[in-house]
Amino acid sequence: MRNTAKITTAVLAAGALTFGVTACGSDKDSASGSSDYSGPLVVAASPTPHAEILDFVKKNLAKKAGLDLEVKEFQDYIVPNTATEDGSVGANYFQNQPYLDDFNKKRGTHIVPVVTVHLEPLGLYSHKVKSADALKSGATIAVPNDAVNEARALKLLAANGLITLKDGVGNEATPQDISKNPKNLKFKEIEAAQTPRSLDDVDAAVVNGNYAISAGLKPAKNALVLESAKNNPYGNFLAVKKGNEDDPRVKKLAKLLTSPEVKKFIEDKYAGSVIASF
């Protein structure tokens, strides 16, 4: 039985304020700023593939390495960072550098990466067409509504000739930064976690790799277009609050997450839908 606490978005919305006081009240030894590293390392993670990779480490590698690891699953992209910042958890594993940079800037948090583990290629999916070229004029495409993932989605569409972005557009691009739109595509901006569920309501959707896998999609097989792994800045990493990089438990986990055993697990389980970055 998996030793994880599955926290839905609805619960988080209602109880995020009390989470640090109640659900993790016994995890203070792993909280940010603590000098007592004798307790378990509590890591916040997205269910797929992050928590699955951590569960593999917990069941197969952690005990031998002397690491007491606890995994807490989150369905959103906000609470894992705020919980890491306030010490409710000791680390998180779910995000990439552009997203973290944007999050720290906007929310005043102090989260830093420890080690990059894998890449989840972003993909364009559809229940209505078999190829990107088959999208009709005026088609509606769902894209994630957070700044970094929306820009990433638009860059994916631009890289595949569906749109052209203005010169110099960075990680904050929005549909307003489209300079050419030959198919007159329309964009529906929604929460990243909801993009797979939108596929019956839109012509296509750009979906983050973890949410695609959770929804039963196979990025390497089902995506109409898929992000290239070459020189990709969106690798997902283990992260902590600044100052906790030298926590010996974090160092142990970082080493295990970049071990040959984890690389083989990623290759065998995800068959190219998740790519090891080490």
Chemist: So how far is it from Glu52 CD to Phe265 CZ, rounded to the nearest 0.5 Å?
Modeler: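 Answer rounded to 0.5 Å: 6.5 Å.
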Chemist: Return the set of residues passing ring pair (Phe, Tyr, Trp, His ring centres under 6.0 Å) with Tyr93 (not counting sequence neighbours), or none when no residue passes.
Modeler: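 In terms of ring pair (Phe, Tyr, Trp, His ring centres under 6.0 Å), with neighbours along the sequence ignored, Tyr93 is linked to His50, His118.
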Chemist: Kindly compute the distance separating CZ (Phe74) from CG (Asn81), expressed to the nearest 0.5 Å.
Modeler: 10.5 Å
Chemist: Show, in sequence, the C-alpha distance, side-chain angles and deciding distance for Ile266 and Ile275, and conclude whether the side-chain contact (heavy atoms from CB on, under 4.5 Å) test is met.
Modeler: CA-CA 7 Å; Ile266 291 173; Ile275 303 168; over 6 Å; no
Chemist: If you group Ile, Leu, Val, Met, Phe, Trp and Tyr by side-chain heavy-atom gaps below 4.5 Å, do Leu61 and Val274 land in one group?
Modeler: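 Yes, one cluster joins them.
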Chemist: Treating Ser88 as the side-chain partner and Thr84 as the backbone partner, does any N or O pair qualify as donor plus acceptor under 3.5 Å?
Modeler: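 Such a contact is absent between Ser88 side chain and Thr84 backbone.
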Chemist: Looking at Lys128, I'd like to know if its NZ atom is crowded, meaning that more than 12 non-hydrogen atoms belonging to other residues, nucleotides or ligands lie closer than 6.0 Å.
Modeler: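 Yes.
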Chemist: State yes or no: do Tyr125 and Leu154 share one hydrophobic cluster built from I, L, V, M, F, W and Y residues joined by side-chain heavy-atom distances below 4.5 Å, directly or via other members?
Modeler: no
Chemist: So, Asp76 side chain and Val79 main chain: donor-acceptor pair closer than 3.5 Å or not?
Modeler: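 Such a contact is found between Asp76 side chain and Val79 backbone.
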Chemist: May I ask you to test the Asn96-Leu119 pair for a side-chain heavy-atom distance under 4.5 Å?
Modeler: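 No, every pair of side-chain atoms sits at 4.5 Å or beyond.
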Chemist: Is the shortest heavy-atom distance from the side chain of Val117 to the side chain of Asn236 under 4.5 Å?
Modeler: no
Chemist: Check the pair Lys183, Ile163 against side-chain contact (heavy atoms from CB on, under 4.5 Å), reporting the backbone distance first and the verdict last.
Modeler: CA-CA 8 Å; Lys183 286 181 176 285; Ile163 59 173; over 6 Å; no
Chemist: Using modelled atom types and a 3.5 Å cut-off, is there a donor and acceptor pairing between side-chain atoms of Glu85 and backbone atoms of His110?
Modeler: yes
Chemist: Are the side chain of Thr48 and the backbone of Asn210 linked by a donor-acceptor contact shorter than 3.5 Å?
Modeler: no
Chemist: May I ask you to check whether Phe237 and Phe94 place their ring centres under 6.0 Å from each other?
Modeler: no
Chemist: When rounded to the nearest 0.5 angstrom, what distance separates CG in Leu199 from CD in Gln194?
Modeler: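 The CG atom of Leu199 sits 12.0 Å away from the CD atom of Gln194.
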Chemist: Honestly curious: do Val114 and Ile111 fall in one hydrophobic cluster under the side-chain, below-4.5 Å linking rule?
Modeler: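 No; tracing contacts between hydrophobic side chains, which count when under 4.5 Å, never links both residues.
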Chemist: Shared ILVMFWY cluster between Val206 and Ile213, side chains joined below 4.5 angstrom?
Modeler: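 In one cluster: no.
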Chemist: Would you check if the side chain of Ser214 reaches a backbone N or O of Tyr211 as a donor-acceptor pair within less than 3.5 Å?
Modeler: no
Chemist: Given 3.5 Å as the limit, does a donor-acceptor pair link the side chain of Asn181 with the main chain of Leu185, or not?
Modeler: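 Such a contact is found between Asn181 side chain and Leu185 backbone.
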Chemist: Compare every heavy atom of Gly90 with every heavy atom of Val240, then report the nearest pair and how far apart it is.
Modeler: CG1-O, 3.7 Å
Chemist: At what distance, to the nearest 0.5 angstrom, does CZ of Phe103 lie from OG1 of Thr109?
Modeler: 5.0 Å
Chemist: Pick out which of Ile53, Val262, Leu67 makes a side chain to side chain contact (heavy atoms under 4.5 Å, CB included) with Leu256.
Modeler: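 Only one of Ile53, Val262, Leu67 forms a side chain to side chain contact (heavy atoms under 4.5 Å, CB included) with Leu256, namely Leu67.
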Chemist: Write out all pairs satisfying salt bridge (charged side-chain N to carboxylate O under 4.0 Å, His left out) with one or both partners inside residues 133-148, taking only residues at least two apart or from two chains.
Modeler: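 Those involving residues 133-148 do not exist here.
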Chemist: Treating Ile, Leu, Val, Met, Phe, Trp and Tyr as nodes and any side-chain heavy-atom pair under 4.5 angstrom as an edge, say whether Tyr234 and Leu217 lie in one connected cluster.
Modeler: yes
Chemist: Taking Gly87's backbone N and O only, do any of them form a donor-acceptor pair with Lys241's side chain (distance below 3.5 Å, no angle check)?
Modeler: no
Chemist: Keeping Asn160 on the side-chain end and Leu156 on the backbone end, is there a donor-acceptor pair under 3.5 Å?
Modeler: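 Yes, Asn160 side chain to Leu156 backbone: donor-acceptor pair under 3.5 Å.
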Chemist: With a 4.5 Å limit on heavy-atom distance, are the side chains of Val89 and Pro80 in contact?
Modeler: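 A side-chain contact under 4.5 Å is absent here.
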Chemist: At their closest point, which heavy atom of Gly170 faces which heavy atom of Lys155, and how far apart are they?
Modeler: O-CE, 3.5 Å
Chemist: Within the 4.5 Å heavy-atom criterion, are Glu120 and Tyr270 side-chain neighbours or not?
Modeler: no
Chemist: Indicate yes or no: at least one non-hydrogen side-chain atom of Asp203 is less than 4.5 angstrom from one of Val129.
Modeler: no
Chemist: Check Ala45 against Ala51 and note the closest heavy-atom contact, atom names and distance.
Modeler: CB-N, 3.9 Å
Chemist: Counting heavy atoms not belonging to Glu172, are there more than 12 under 6.0 Å from its CD?
Modeler: no
Chemist: Does Lys105 come within less than 4.0 Å of Asp101, counting only side-chain N to carboxylate O?
Modeler: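 Not counted as a salt bridge, because no side-chain N and carboxylate O are separated by less than 4.0 Å.
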Chemist: Look at the side chain of Glu245 and the backbone N and O of Gly243, then say whether any donor-acceptor pair between them is shorter than 3.5 Å.
Modeler: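 Between the backbone of Gly243 and the side chain of Glu245 there is a qualifying donor-acceptor contact (under 3.5 Å).
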Chemist: Let's go through Leu257 and Leu253 carefully: what are the C-alpha distance in whole Å and the side-chain angles of both, what is the deciding distance for side-chain contact (heavy atoms from CB on, under 4.5 Å) to 0.1 Å, and is it a yes or a no?
Modeler: CA-CA 6 Å; Leu257 282 171; Leu253 180 56; 3.8 Å; yes
Chemist: Within this structure, what is the OG-CZ distance for the pair Ser259 and Phe56, rounded to the nearest 0.5 Å?
Modeler: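 Output value for this atom pair is 7.0 Å.
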Chemist: So which atom in Lys252 and which in Gly66 form the shortest heavy-atom distance, rounded to 0.1 Å?
Modeler: NZ-O, 3.2 Å
Chemist: Could you check whether any side-chain N or O of Arg249 sits under 3.5 Å from a backbone N or O of Gly39, counting only pairs where one atom can act as donor and the other as acceptor?
Modeler: yes
Chemist: Step through the shown structure and confirm whether more than 12 heavy atoms of other residues, nucleotides or ligands are within 6.0 Å of CG on Asp167.
Modeler: no
Chemist: Flag the pair Val115 / Phe278 as yes when at least one side-chain heavy-atom distance between them is below 4.5 Å, and no otherwise.
Modeler: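 Not in contact.
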Chemist: Return the minimal non-hydrogen interatomic distance between Pro98 and Val148, and the atom names on each side.
Modeler: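 Pro98 and Val148 have their closest heavy atoms at O-CG2, 3.1 Å.
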Chemist: Considering only heavy atoms from C-beta outward, does the side chain of Val112 approach that of Leu100 to under 4.5 Å?
Modeler: no
Chemist: Walk me through whether Leu238 and Asn92 qualify under side-chain contact (heavy atoms from CB on, under 4.5 Å).
Modeler: CA-CA 6 Å; Leu238 179 70; Asn92 67 56; over 6 Å; no
Chemist: What is the minimum heavy-atom distance between Glu150 and Pro144, and which atoms define it?
Modeler: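 Heavy atoms only, the tightest pair is CB-O, 3.1 Å.
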Chemist: Taking side chain as C-beta onward, heavy atoms only, is Lys72 less than 4.5 Å from Val42?
Modeler: yes
Chemist: Cut-off 3.5 Å, no hydrogens considered: what does the side-chain donor-acceptor table look like for residues 219-227, sequence neighbours left out?
Modeler:
unit_1, atom_1, unit_2, atom_2, d
Asn222, OD1, Lys218, N, 2.7
Glu227, OE1, Leu122, N, 2.9
Glu227, OE1, Arg152, NE, 3.2
Glu227, OE1, Arg152, NH2, 2.6
Glu227, OE2, Arg152, NE, 2.8

Chemist: When rounded to the nearest 0.5 angstrom, what is the spacing between OG1 in Thr195 and CD1 in Ile141?
Modeler: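 If I round to the nearest 0.5 Å, the distance is 12.5 Å.
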Chemist: Pairing donors with acceptors under 3.5 angstrom, does anything connect the side chains of Asp102 and Asn171?
Modeler: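 No, Asn171 and Asp102 have no side-chain donor paired with an acceptor closer than 3.5 Å.
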